[in-house]
Structure formats: C-alpha cells, structure tokens
2 protein chains.
Amino acid sequence: MKVSTKSRYGVAAMLDIAQHCNDGPVALRNVAERQQVSEHYLEQLMSSLRNAGYVRSIRGAQGGYVLAKDPATITVGDIVRAMEGPIAPVDCLLAEKGPANPYCGKSEQCVRRNIWLKMGESIASALDSISLASLCTDLQPSKEVEERGEQV
Amino acid sequence: MKVSTKSRYGVAAMLDIAQHCNDGPVALRNVAERQQVSEHYLEQLMSSLRNAGYVRSIRGAQGGYVLAKDPATITVGDIVRAMEGPIAPVDCLLAEKGPANPYCGKSEQCVRRNIWLKMGESIASALDSISLASLCTDLQPSKEVEERGEQV
DNA sequence: TCTTATTCCGAGTAATTTAATCGGATTTAC
DNA sequence: GTAAATCCGATTAAATTACTCGGAATAAGA
C-alpha cells in the first residue's frame with residue numbers, strides 16, 4: 001500500500017517544473033539535481049506525463065519541459081494515474097461488471113469488492129482535490145523565506 | 001497501489017469466520033476451501049490476526065478460530081493494519097516529525113508529505129468506517145436466497 | 001493410550017513488481 | 001559543428017510478495 005516512486009517522483013517533477021516555469025523550459029538535469037533523483041529514471045516518467053498531455057517537451061539545447069495545461073487543472077490524482085494507471089486497489093474493479101467479469105462474476109453484489117471500491121474512490125477523491133496550483137501556493141511562503149536567505 | 005493478498009485474504013477469512021461462528025470454532029481447512037486460498041498461507045495471516053487480538057484460536061481436533069471481539073468493533077481498517085502495518089503511503093509519515101525525521105526533516109511543512117498524509121487519512125477513514133458486522137448484514141440477503149436454493 | 005485433526009512456527013523459494021541503469025539515436029540552439 | 005537536451009528500447013538489480021514445506025505441539029474422541 002505504498003505509493004510507488006513513480007508517483008512520488010512524478011509529483012515532485014511536476015511541482016518542480018511548475019515552480020520554475022518562468023525561466024523557460026525546465027531541463028531534467030536540473031529537476032534531477034534539485035529533487036535528488038536519477039535523471040534517466042525521470043526521463044521515463046516524463047514520457048508518461050507527456051503522453052498524458054500534462055507537459056510539453058522541447059528538444060535540443062536549451063530545451064526541457066513546460067506545463068501543457070493550467071496548473072489549476074492538473075491534480076495529483078491525474079499525475080498518479082498517468083504514472084500508475086487507474087486507481088484501483090484490486091483488479092476486479094477494472095474488469096467490466098456482470099458475468100463477463102473474470103474475477104468473481106458477482107460484480108456489484110460482492111461485498112468484498114465494494115470494500116475496495118470504496119477505498120479506491122476515497123483515494124481518488126483525496127488526490128483529485130489537490131491541484132498543482134494549490135501545491136505551488138502552499139510552497140510560496142517558504143520560498144519567500146528562502147529568498148530572504150533564511151534557513152528552511 | 002494494489003491491496004496485498006494478505007489484506008484481501010485476511011478480510012475474507014475474518015468474514016468467513018464471522019459468518020460461521022455459530023457452528024463452533026472455524027477450522028482453517030474449511031475457510032481455505034470456501035475462499036479458495038492456500039490453507040498454509042492463511043495460517044500465517046491468522047497468526048497476525050490472533051496477535052492483534054481479533055481472533056482466538058483453539059488447538060487440537062475440532063479446534064479452529066473464533067472471533068475474539070464483537071464484530072461491530074472490528075473494522076476492515078483494523079484487519080488491514082494487522083496484516084500490513086500502519087496505513088502510510090510513504091515511509092516519512094511513520095518517522096517522528098521534526099529534525100529527527102531521517103527523510104526530509106521538514107516534517108509537516110513539507111507539501112509533498114502532506115499529500116500522502118491526506119491520502120493515508122482518507123484510506124484509513126474509509127476502511128475504518130466498515131465493520132465486520134456491517135459486512136455480515138450486507139451478506140445476509142444473498143445468504144437467504146442461497147438457502148432457498150436459488151442461484152447467486 | 002492411540003489416532004486423528006488441528007493450530008503453530010520458522011525456514012526456504014518462486015514469482016512478480018519496482019526501480020533503476022545503459023547505450024545510443026535524434027533534435028536544436030548557438 | 002558542437003554541445004545540450006529529449007527520446008527510446010532493452011536490460012538488469014533489488015525488493016517485495018506470495019506462497020510452500022516440514023515438522024512440532026496440542027487436544028478430542030475412540
């Protein structure tokens with residue numbers, strides 16, 4: 001029940017890019033340095049985020065990544081789904097309901113299925129309620145402190 | 001972000017025991033058969049549940065497991081925690097807050113930590129809201145149908 | 001007392017998933 | 001032309017999960 005590094009690094013990278021978007025495209029090398037993660041590994045993650053339409057990449061020298069959407073419209077849930085696929089604590093939630101379901105076939109009557117359904121919904125609702133934009137404003141105060149040269 | 005088989009089987013076993021508690025101690029052999037899981041594997045899970053105080057075991061022939069508490073006071077969250085430890089999507093939530101935290105040291109000021117904190121809290125709240133007793137009553141209607149000989 | 005049914009326990013292993021790593025191709029600013 | 005980037009696919013290493021196995025201890029019932 002841990003969140004994978006994909007999701008954690010993905011969120012960290014998106015937040016990093018959002019924070020530095022005023023200085024032009026953000027190169028992965030810098031993200032990797034600031035967030036202390038492997039640049040090569042980040043590459044993989046970014047390709048998922050790009051395919052999902054959350055960032056746009058600019059190749060070549062001075063290139064990098066920029067947000068492809070308003071940060072207010074990108075949620076942590078979106079990022080997690082881009083990194084890991086649908087939020088579903090058990091596989092039977094993904095199969096279509098009814099007799100075709102290869103798992104138990106009982107679909108929504110299954111009380112155990114409903115446990116994990118509820119769990120998944122509450123995770124999604126929590127993560128979807130957090131936008132990149134809100135994370136950036138939460139980060140703002142400490143950034144000001146930092147600019148004054150104080151220790152964080 | 002999948003739930004482990006430990007948690008799934010653990011919940012299934014507890015529910016099975018709760019349902020069959022009127023017929024005396026419930027042997028794992030029967031649970032394993034009904035739930036279609038390895039008896040040996042279940043053994044391991046039951047020892048966690050016993051140590052956590054949710055079931056009591058009776059050894060020897062005609063032995064088995066019985067609930068150690070009122071099913072209304074046992075939640076799915078309790079079972080999951082017994083199987084997997086604290087519900088914490090990231091490890092830094094487990095470390096004590098403040099400078100001693102070996103992860104980022106920033107404790108509650110860390111915006112990313114707060115994401116996963118919120119996620120963990122919403123999982124816990126969802127799972128803690130479901131008691132074994134409520135699952136049993138949800139299961140009741142289909143049981144009646146079953147007893148009338150209808151197909152479930 | 002013997003047999004059988006059961007829990008208990010710890011060690012070992014197989015399978016899967018996660019988390020990277022690596023090498024090189026492609027693109028573009030300067 | 002060169003350096004700084006992204007892009008892409010393959011491979012590998014590490015960790016976790018999901019079991020399996022063998023046998024000891026316990027207790028009921030004949």
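We name chains A, B, ... by the order of the sequence lines, and we start the count at 1 in each one. Below, each value reflects all heavy atoms present in this structure, side chains not excepted, and no hydrogens, waters or symmetry copies.
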key: Residue closer to the 5' end of DNA chain D, A:V26 versus B:K6 (nearest nucleotide)   = A:V26
query = Is the phosphate of C:dA14, meaning OP1 or OP2, less than 4.0 Å from a side-chain N or O of B:Y41?
reply = no
request  = State whether the side chain of B:K2 and the backbone N or O of A:D91 hold a donor-acceptor pair below 3.5 Å, judged by distance alone.
outcome  = no
inquiry  = Test of understanding: with salt bridge (Lys or Arg N to Asp or Glu O under 4.0 Å), list the residues that count as partners of B:R8, not counting sequence neighbours.
reply    = none
key: Closest contact, heavy atoms only, B:I58 versus B:P25   = CD1-CG, 3.6 Å
inquiry  = I need the CE-C1' distance between B:M1 and D:dT17, as an integer number of Å.
reply    = 17 Å
request  = Decide yes or no, distance alone: a donor-acceptor N/O pair under 3.5 angstrom between the base of D:dT26 and the side-chain of B:R59.
outcome  = no
query = Closer than 4.0 Å, any side-chain N/O of B:R50 to the OP1 or OP2 of C:dC9?
reply = yes
task = State whether A:T5 places a side-chain N or O below 4.0 Å from either non-bridging phosphate oxygen (OP1 or OP2) of C:dA19.
result = yes
query = So, is B:R29 close to the C:dA5 phosphate, meaning a side-chain N or O under 4.0 Å from OP1 or OP2?
reply = no
inquiry  = Both B:N30 and B:H40 contact DNA chain C. Taking the nearest nucleotide for each, which residue is further toward the 5' end?
reply    = B:N30
inquiry  = In the structure I gave you, are the side-chain heavy atoms of B:P86 and B:L94 within less than 4.5 Å of one another anywhere?
reply    = yes
task = Whole angstrom is fine here: how far is it from OH in A:Y65 over to C1' in D:dA5?
result = 9 Å
message = Any side-chain N or O of B:S4 below 4.0 angstrom from OP1/OP2 of D:dT16?
response = no
inquiry  = Tell me the interatomic distance from A:Q35, atom CD, to C:dA20, atom C1', rounded to whole angstroms.
reply    = 18 Å
Upstream residue (5' side of DNA chain C) when A:R8 and A:A61 are each assigned their closest nucleotide = A:R8
task = Round to a whole Å and report the spacing from CZ of B:R56 to P of C:dC8.
result = 11 Å
task = Please determine, for the side chain of B:S57, which listed nucleotide (C:dT7, D:dT6, C:dA20) has the closest atom?
result = C:dT7
query = Side-chain N or O of A:Y9 less than 4.0 angstrom from OP1 or OP2 on C:dT18?
reply = no
request  = Report the distance from atom CD of B:Q44 to atom P of C:dT6, rounded to the nearest whole Å.
outcome  = 20 Å
task = Calculate the interatomic distance between B:E43 atom CD and D:dA18 atom P; express it in whole Å.
result = 18 Å
task = Considering only NZ, NE, NH1 and NH2 on the basic side and carboxylate oxygens on the acidic side, decide whether A:K69 and A:D78 come within less than 4.0 Å.
result = no
key: Protein-nucleotide distance (A:M46, atom CE; D:dC8, atom C1'), rounded to Å   = 16 Å
inquiry  = Please report the distance, rounded to the nearest Å, between CE in A:M83 and C1' in C:dT17.
reply    = 16 Å
task = Respond yes when some side-chain nitrogen or oxygen of A:S38 is under 4.0 Å from OP1 or OP2 of C:dA19, and no when none is.
result = no
